[in-house]
Structure formats: structure tokens, C-alpha cells
Amino acid sequence: IIACQGLTVTYKSSVDVIFYVIGSAEENELMLVNTLATFLIPSVRSLGRTWRRKSIYDKMDYIILAADELIEQGVIMEDDSENIVKRVYPKSEHEIPLTEQSVSQVIQQAKEGFKWSLLR
């Protein structure tokens with residue numbers, strides 16, 4: 001947490017990336033830290049363990065959606081990262097009911113299941 005020029009700044013850095021949450025000097029520091037943590041969980045899910053510029057550029061759409069779900073016109077709208085993850089990331093093929101999957105998805109899922117059963 002840094003206080004600089006009348007602003008309260010929280011940040012998290014990695015190899016060549018820094019995420020910031022900036023608020024006024026009157027803002028609660030714990031709320032800003034919580035907001036940063038809430039934003040990082042969905043972002044890390046899309047970026048994996050390494051946060052690099054290239055991976056951020058590749059997943060920018062998910063990161064922007066996560067930020068949009070978190071904050072609306074400067075107001076924190078959500079503080080539960082799991083709700084953001086559910087809204088931002090599409091369901092995996094295993095979570096979609098068979099009646100809603102296409103034939104090719106069902107065949108691909110069956111192939112993968114058969115392959116893994118042979119490898120055991």
C-alpha cells in the first residue's frame with residue numbers, strides 16, 4: 001500500500017506486469033486491497049501461474065470482463081471473486097448437459113474418456 005499525491009495505491013507485481021487499484025486518500029485501504037485480490041483471482045485463472053505481457057494480451061478480453069464485473073463507474077459492485085469467475089468464464093464442456101452439447105462435442109468428450117481409460 002502506497003500513499004502518493006493524495007491517492008491510496010495498492011498493487012501486486014509479477015515478472016513484467018503490475019496490477020494497480022487506486023483510490024482517493026480517504027478510501028479504506030483494506031477495501032482497496034480486497035478489491036485487488038478479488039480482481040486477481042479471475043485474472044490468475046485466465047493467465048495461469050505466470051503473468052507475462054503476452055499472456056495478458058492473449059487473455060485481455062477475460063481480464064476486461066472481470067474488471068467490468070468488479071467495478072462500475074468507479075463503484076465496487078462485487079466483492080466475491082467466485083461470482084465474477086462464474087460470470088466471466090464460460091462453462092467447460094464437462095459442465096454442459098449432454099442435451100445442450102453438439103454432436104462433435106459429445107464425440108470428442110467420448111474419445112477423451114476412452115483414451116484416458118486405456119492409459120490407466
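Numbers for residues simply follow the sequence, beginning at 1.
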- Message: Nearest 0.5 Å, please: how far is CE in Met77 from CG in Asp68?
- Response: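 Reported value, rounded in 0.5 Å steps: 10.0 Å.
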- Message: If I take atom CD1 from residue Ile76 and atom CG from residue Asn34, how far apart are they, to the nearest 0.5 angstrom?
- Response: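 Between atom CD1 of Ile76 and atom CG of Asn34 there are 8.0 Å.
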- Task: Would you mind telling me which of Asn83, Thr35, Val88 makes a side-chain contact (heavy atoms from CB on, under 4.5 Å) with Leu70?
- Result: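 The option that passes is Thr35.
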In the single-linkage hydrophobic clustering (I, L, V, M, F, W, Y; side-chain heavy atoms under 4.5 Å), do [X] and [Y] co-cluster?
X	Y	answer
Tyr20	Met31	no
Leu36	Ile84	yes
Ile71	Val21	yes
Tyr57	Leu65	yes
Tyr11	Leu7	yes

- Heavy-atom closest contact (Arg53 atom, Val17 atom, distance):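 Heavy-atom minimum between the residues: N-CG2, 3.8 Å.
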- side chain to side chain contact (heavy atoms under 4.5 Å, CB included) involving Thr8 - partner list, sequence neighbours excluded: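 Expected list: Ile1, Glu29, Leu32.
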- Item | Qualifying residues under side-chain hydrogen bond (donor to acceptor under 3.5 Å, both in side chains), relative to Glu69, sequence neighbours excluded |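 Glu69 satisfies side-chain hydrogen bond (donor to acceptor under 3.5 Å, both in side chains) with Arg87 only.
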- Task: On the 0 to 90° scale, with breaks at 30° and 60°, tag the Phe19-Phe39 ring pair as parallel, tilted or perpendicular.
- Result: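 The arrangement is perpendicular - the two ring planes meet at more than 60°.
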